Amino acid sequence: MSNLFIPNPKEAESIHILREVAAQFERPVLLFSGGKDSITLVRLAQKAFYPARIPFPLLHIDTGHNFPETIEFRDQLVAELGLELIVRNVQDSINQGKVTEERGRYASRNTLQTTTLLDAIEEFKFDACIGGARRDEEKARAKERVFSVRDDFGQWDEKNQRPELFDMLNGRIHQGQNVRVFPISNWTELDVWEYIKTEDIAIPSIYFAHKREVFFRDGMVWTANEHVYRESHEEVFEKMVRFRTVGDMTCTAAVLSDAETLDAVVAEIRDSTISERGARIDDKRSEAAMESRKKVGYF
Amino acid sequence: MTHNRKLIKIATAGSVDDGKSTLIGRLLYDTKSLTTDKLEAIEKTSRQRGFDYLDFSLATDGLIAEREQGITIDVAHIYFNTAKTNFVIADTPGHVEYTRNMVTGASTSQVAIILIDARKGVIEQTNRHFFISNLLRLGHVVVAINKMDLVNYDEDVFLKIKADFEVLVEKSDFKTDQITFIPISALKGENIAKHSELMPWYVGNTLLDHLEVLEPSDLHESTVARFPIQYVTRPRTEAFHDFRGFSGKLYGGSLKVGDEVTVLPSFTESKIKTIHFFDQEYSEALPGASITITLEDEVNISRGDMLVKSSELPKSEKQITATICQVNSKPLKVGDKYTLQHGINRVLAKVESIDSVIHTDFTGEVPAAQLKLNDIGKVNFRLSKSIHFDTYHDNKSNGRFILIDEGSYDTVGVGFID
Ligand SMILES: Nc1nc2c(ncn2[C@@H]2O[C@H](COP(=O)(O)OP(=O)(O)O)[C@@H](O)[C@H]2O)c(=O)[nH]1
Ligand SMILES: [Mg+2]
């Protein structure tokens with residue numbers, strides 16, 4: 001019997017990174033949002049450690065404004081793979097008076113997540129947080145390292161990053177520092193979708209076209225429900241939509257779409273002329289929105 | 001996914017304002033990789049600044065400070081694909097910290113595009129960019145002679161620069177077929193994705209066509225197999241009670257079931273029993289694969305050990321000489337102690353002596369007492385334990401290391417073993 005294993009270079013690189021995390025850190029955690037990127041990370045971690053279990057827990061920072069489909073999916077995945085899941089709630093940070101709920105037209109709990117995340121890191125003494133960010137998402141992300149060192153305050157010092165040479169990863173840190181790790185840094189949105197397709201990975205239903213109550217604002221499609229601020233003149237329609245990224249309802253816009261299957265979604269992404277982040281309401285706030293959030297410890 | 005598309009990684013090199021960011025923006029634009037929202041942002045900002053053209057450098061200059069000052073500060077990675085190829089481009093900024101940034105950007109690349117301003121020709125910086133390409137032994141170098149629009153698309157200008165550059169090629173280890181010269185205008189899009197009608201005298205490929213015909217197999221070296229063990233996989237579950245797999249990434253050459261192997265540093269011999277990737281078993285794996293291997297015999301192996309074919313042992317020494325590129329502002333001096341990370345394996349290293357600092361223009365070397373930021377020099381180290389290495393020349397993956405500062409834990413240098 002002869003069967004040759006021909007590696008997929010991006011997959012091999014991501015697995016290499018995940019194994020380095022498991023070997024170099026004492027308390028790694030995988031930041032799980034329920035979105036396609038973190039689901040892809042879970043599959044890569046499965047592959048990296050098979051036949052052993054994934055040697056770190058999942059952490060979900062729940063804004064309380066997540067799509068119910070995402071939460072359902074999360075719980076099912078965790079049960080199926082026998083993973084350990086930690087959930088920390090933004091609502092608790094609000095109740096404790098650590099953060100204040102935003103008000104008005106663009107109110108969102110997206111930025112509030114940072115506090116809850118930093119508290120969770122401190123509570124569990126996590127030294128490495130694995131995230132699904134990709135460099136193609138956004139210009140400030142394009143400068144991000146694979147192992148990105150954060151100080152005690154979770155801050156990113158973009159002008160003073162460690163050089164990363166070849167695939168030699170340096171995860172040595174001081175007490176109190178932690179590292180954000182981005183194993184799929186070099187993947188594009190299309191790479192992720194094509195991978196989900198070839199690997200036949202299950203994803204939450206909201207990625208596929210479905211009927212939903214929506215309204216239109218600033219050229220974007222917003223979910224109409226009690227969590228999203230809407231003015232009385234903003235009319236609600238029922239439309240066929242799907243989501244390209246899955247975050248908090250208050251900052252994730254839908255796109256009009258008839259793509260009900262994975263094939264149709266991949267075809268749509270391939271031909272799309274709008275970037276994934278174009279549907280992120282949080283980024284529209286300003287051109288430098290992401291960089292500012294990252295500096296203070298955002299994902 | 002990317003299975004049916006090849007992956008080519010490219011680093012750009014050039015002095016400030018030679019047009020690196022513009023070229024990358026242009027490549028994104030011409031391959032329709034700029035989405036409408038990004039393009040609109042570029043149009044808006046270009047208009048605000050009073051330009052009568054689209055400033056494509058805005059597509060890559062991502063940090064607030066970069067946009068304000070119109071410069072690039074840190075290495076950015078940019079992605080685009082054509083029907084046949086996935087490209088990753090490292091945009092490396094060209095000011096003070098240049099050597100550090102180019103070495104970093106080029107370390108993950110197989111190809112360099114060296115930009116030259118047609119008005120300026122080969123300058124000192126060009127020497128340095130090519131020197132680094134040579135030091136890292138990149139597979140291919142494209143010399144893109146840019147801003148041809150500012151020299152009336154004159155063939156003589158192109159030929160003069162090409163001749164000057166060929167003098168450097170002779171001093172390097174590159175063969176002439178590894179170097180390609182293309183006259184372009186990044187701003188106007190000449191010879192980027194379409195043949196320039198303004199330069200009918202140029203009959204070669206456009207830049208994009210040229211990048212497309214490069215084959216990863218020609219760009220990657222093929223040599224002997226090296227398998228550093230990253231992680232020992234022990235499931236301790238009922239189904240895999242006795243499973244003890246050695247996980248890592250395979251470099252250089254392939255490994256097969258039945259291969260006679262030696263484990264370093266113990267020099268224990270065994271045979272490969274199985275090769276796993278996820279839930280499948282394979283009889284052979286190609287380099288680049290992140291796999292898990294089991295052996296016929298019970299061998300004591302831990303992270304940092306290395307598996308090689310018994311007929312292809314590397315060198316094992318406690319004393320090494322390497323070419324170091326210093327990437328930190330704290331200088332490297334005789335007597336300094338560092339953690340040396342060779343692949344994934346860490347040992348302590350002491351600087352015994354510094355032979356020289358090398359001129360990065362192929363003009364030789366001078367004695368030196370220390371290596372400052374951006375210096376490249378020859379350094380002798382004594383190690384706390386033997387490492388099992390090849391020279392960088394023979395086997396890139398097993399001939400390189402990084403130096404980690406014991407105080408700050410920063411990566412302060414990169415080494416290429418002689
Ligand atoms: N005329 C002309 N100008 C160019 C060309 N390429 C770049 N430039 C201009 O040169 C300046 C510097 O370009 P930039 O891409 O920022 O250079 P970088 O520092 O190498 O990234 C900008 O004003 C560009 O518009 C070209 O082919 N022709
Ligand atoms: Mg630039």
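Remember, predicted model here, so these are calculated numbers, not experimental data. Below, chains carry the letters A, B, ... as their sequence lines are ordered, and counting in each starts from 1.
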(request) Begin from the C-alpha positions of A/L81 and A/Q46 and carry the test side-chain contact (heavy atoms from CB on, under 4.5 Å) through to its verdict. (result) CA-CA 9 Å; A/L81 301 183; A/Q46 258 184 294; 3.6 Å; yes
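Residues A/N186 and A/E13 bring a donor and an acceptor atom of their side chains to less than 3.5 Å of each other.
Heavy atoms of A/E20 lying under 4.5 Å from chain B belong to its backbone as well as its side chain. Residue A/L190 touches chain B through its side chain alone, counting heavy-atom pairs closer than 4.5 Å. Heavy atoms of B/I291 lying under 4.5 Å from chain A belong to its backbone as well as its side chain. Contact annotation for B/N81: only side-chain heavy atoms (C-beta onward) come within less than 4.5 Å of a heavy atom of chain A. Of the two parts of A/R53, neither the backbone nor the side chain holds a non-hydrogen atom closer than 4.5 Å to a non-hydrogen atom of chain B. Residue B/T233 touches chain A through its side chain alone, counting heavy-atom pairs closer than 4.5 Å. For chain A, no part of B/S254 is nearby; none of its heavy atoms comes within less than 4.5 Å. Neither the backbone nor the side chain of B/V412 has a heavy atom closer than 4.5 Å to any heavy atom of chain A. Heavy-atom distances place no part of A/E199 under 4.5 Å from chain B, backbone and side chain included. Only the backbone of A/S185 comes within contact range of chain B, with heavy atoms under 4.5 Å apart.
In terms of heavy-atom pairs under 4.5 angstrom with chain A, the leader among B/F80, B/F240, B/F243, B/F277 is B/F277. In terms of non-hydrogen atom pairs under 4.5 Å with chain A, the most contact-rich of B/K9, B/H342, B/R346, B/K396 is B/R346.
At a threshold of 4.0 Å, the pair B/K32-A/D271 does not count as salt-bridged, since none of the basic side-chain nitrogens sits closer than that to a carboxylate oxygen.
With a 6.0 Å cutoff to the six-membered ring centre and a 45° limit on the axis angle, A/R134 does not count as a cation-pi contact of A/W187.
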